[in-house]
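So the structure is just underneath, and the comments pick up after that.
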Protein chains: 2
Amino acid sequence: MARIARYDRQSALDKAVVLFWQKGYHNSSIKQIEHALDMRPGSIYAAFGSKDGLFLEALACYVKESGDHLSSHLAKYTSIIEGFQDYLRDIALACTPGGPMPSRACMMVKTLLETSNTHLPINQEVNRVLDAIEHRLGEVLEQAKSNRELKPDVDCKRLARLLQAQIIGLRSFAQRDTCAPKVVELGEDMAGILDYYRL
Amino acid sequence: MARIARYDRQSALDKAVVLFWQKGYHNSSIKQIEHALDMRPGSIYAAFGSKDGLFLEALACYVKESGDHLSSHLAKYTSIIEGFQDYLRDIALACTPGGPMPSRACMMVKTLLETSNTHLPINQEVNRVLDAIEHRLGEVLEQAKSNRELKPDVDCKRLARLLQAQIIGLRSFAQRDTCAPKVVELGEDMAGILDYYRL
DNA sequence: CAGATTAATGAGCGATTGTTCAATTACTTG
DNA sequence: CAAGTAATTGAACAATCGCTCATTAATCTG
């Protein structure tokens, strides 16, 4: 054993998430990363290998937090569909302009749009992740269907895509310089869409 | 009078739209712009002032084309709502992976997400533009309502935001590495949402 | 053709990009 | 305390960034 690391890996990653989520991949320079993580380039590269490596690890943190957030949210509801509906309403509330979020738009979507046609390795990873989420939404909806919450003829995989597109649309819309009530109403309208699929 | 300009301004802008739409603002370097427009830096700066200037003008072209496209589309339908529904279906078809588009996601949304928290002047412009589109959608929906296509209690401004969010969600979803039928189904489902607002 | 005017060129500016590595510092073990 | 080990540092690298400008080339009018 020797000198102990001064930084905490997880808290460094959390700070990286904030920066990357806010500014995106290319607009976060190593200089800004140094400042945000309070680490010098040598340490950053020793710990994470490259800017790509750091970004991918930060993205994984973001994805995990997102997944945990959805899980803990759904756990509060006996009805899965009502859980999703309030999930949309909660996103709208959280994505209010002036809120505490680093960015209102989803980091995965920002990354998807930023890296397509420019940065293949990161684009592939974010594609993988979004596919996994779509898949998971489909499974939860499938469970809702077997709970008799959904009409028996509902195509859950298809509804999962519609739901994911709603979340993407809501959060991207919220990135605009708009006002809170408009975003809240949008979230409410999107929650209402799910009613048409209920039994 | 003196030497005549070798380049055609509009065709240069069209090429700039393709590049910026594809790669975004920061990932389109001057070197790439030189190559895409077949112009040397001196000419580019003489013609457009700066990278920002070129981008803003290219964005304006994109916005105009988008607006014209919607106009000519709606003109083909007696029912405004059916026009919007097929508009969504057409977007889904056009945003099929492997299609001819520079990017499936909307250039305005890509710019919105890329420039928030990083590049204020362009972000302000794209905000203005998206607001104008939302406003226009609202007006057209208002007309649909007075044509008795919509339920009398429909809030058209609110529905305009839902519609815009659908377009954003559809095209951003389509940016993923997914397959055509899934995008087409998504477009169909989004078109179906409008049915619930019809009279 | 001569003179005037304007577009096109491209080498090169200073700043910044992501990254490396030899030197230094701090901690553990014997 | 001395030796060994690992983390930290920051100057410096080559490459690229957006951009400038003195020079050259092309077209007009007289």
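Proteins come first, then strands; the chains are lettered A, B, ... in the order of their sequence lines, and each starts at number 1. Small disclaimer: the values here were computed from a predicted structure and weren't measured.
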Original post:
Using a cut-off of less than 4.0 Å, is there contact between a side-chain N or O of B:S29 and OP1 or OP2 of D:dT16?
Top reply: no
**OP:** Specify the residue among B:M39 and A:I30 whose closest nucleotide of DNA chain C lies further upstream toward the 5′ end.
**Re:** B:M39
**OP:** Whole angstrom is fine here: how far is it from CG in B:L37 over to P in C:dA8?
**Re:** 12 Å
Subject >> Lys/Arg N to Asp/Glu carboxylate O, A:R89 vs A:D86, below 4.0 Å >> reply: yes
Subject >> Lys/Arg-Asp/Glu bridge criterion (N-O < 4.0 Å) met for A:R40, A:E34 >> reply: no
Subject >> Interatomic distance, B:F48 CZ vs D:dG18 P [rounded to whole Å] >> reply: 16 Å
Original post:
Between B:H35 (NE2) and D:dG18 (P), how many Å, whole number?
Top reply: 16 Å
Original post:
Do B:L70 and B:V63 share a hydrophobic cluster, counting only Ile, Leu, Val, Met, Phe, Trp and Tyr and linking them when any side-chain heavy atoms are less than 4.5 Å apart?
Top reply: yes
**OP:** Return the residues of residues 10-28 of chain A meeting this criterion: a heavy atom under 4.0 Å from some atom of DNA chain C. Order them by number, or give none.
**Re:** A:S28
Original post:
Whole Å only: how far is the CD atom of A:Q32 from the P atom of C:dG18?
Top reply: 9 Å
Original post:
Of the nucleotides C:dT19, D:dG18, C:dT17, which one has an atom closest to the side chain of A:K31?
Top reply: C:dT17
Subject >> Atom-to-atom span, CG of A:D52 to C1' of C:dT19 - whole angstrom >> reply: 12 Å
Subject >> Cationic tip of B:K151 above B:Y196 ring, under 6.0 Å, 45° of axis >> reply: no
Original post:
Salt-bridged, A:K23 to B:E114, with N to O below 4.0 Å?
Top reply: no
Subject >> d(CD1, A:I33; C1', C:dT16) in whole Å >> reply: 14 Å
**OP:** May I ask you to decide if the ring planes of A:F55 and A:Y25 are parallel, tilted or perpendicular, using 30° and 60° as cut-offs?
**Re:** perpendicular
Original post:
Does one side chain, of A:N27 or B:H119, offer a donor that lies under 3.5 Å from an acceptor on the other?
Top reply: no
Original post:
When the distance from CG of A:D8 to P of D:dT8 is rounded to whole Å, what number comes out?
Top reply: 12 Å
**OP:** Verify, without hydrogens or angle tests, whether A:N147 (side chain) and A:E149 (backbone) share a donor-acceptor contact under 3.5 angstrom.
**Re:** no
Original post:
In whole angstrom, what separates B:R40's CZ from C:dA11's P?
Top reply: 12 Å
**OP:** Quick one, give me the B/S/- string for nucleotides 20-25 of chain C, reading 5' to 3', where B means a protein heavy atom under 4.0 Å from the base and S means that only happens at the primed atoms, P, OP1 or OP2.
**Re:** BB---B
Original post:
How are the rings of B:Y87 and B:F84 set to each other: parallel, tilted or perpendicular (split at 30° and 60°)?
Top reply: perpendicular
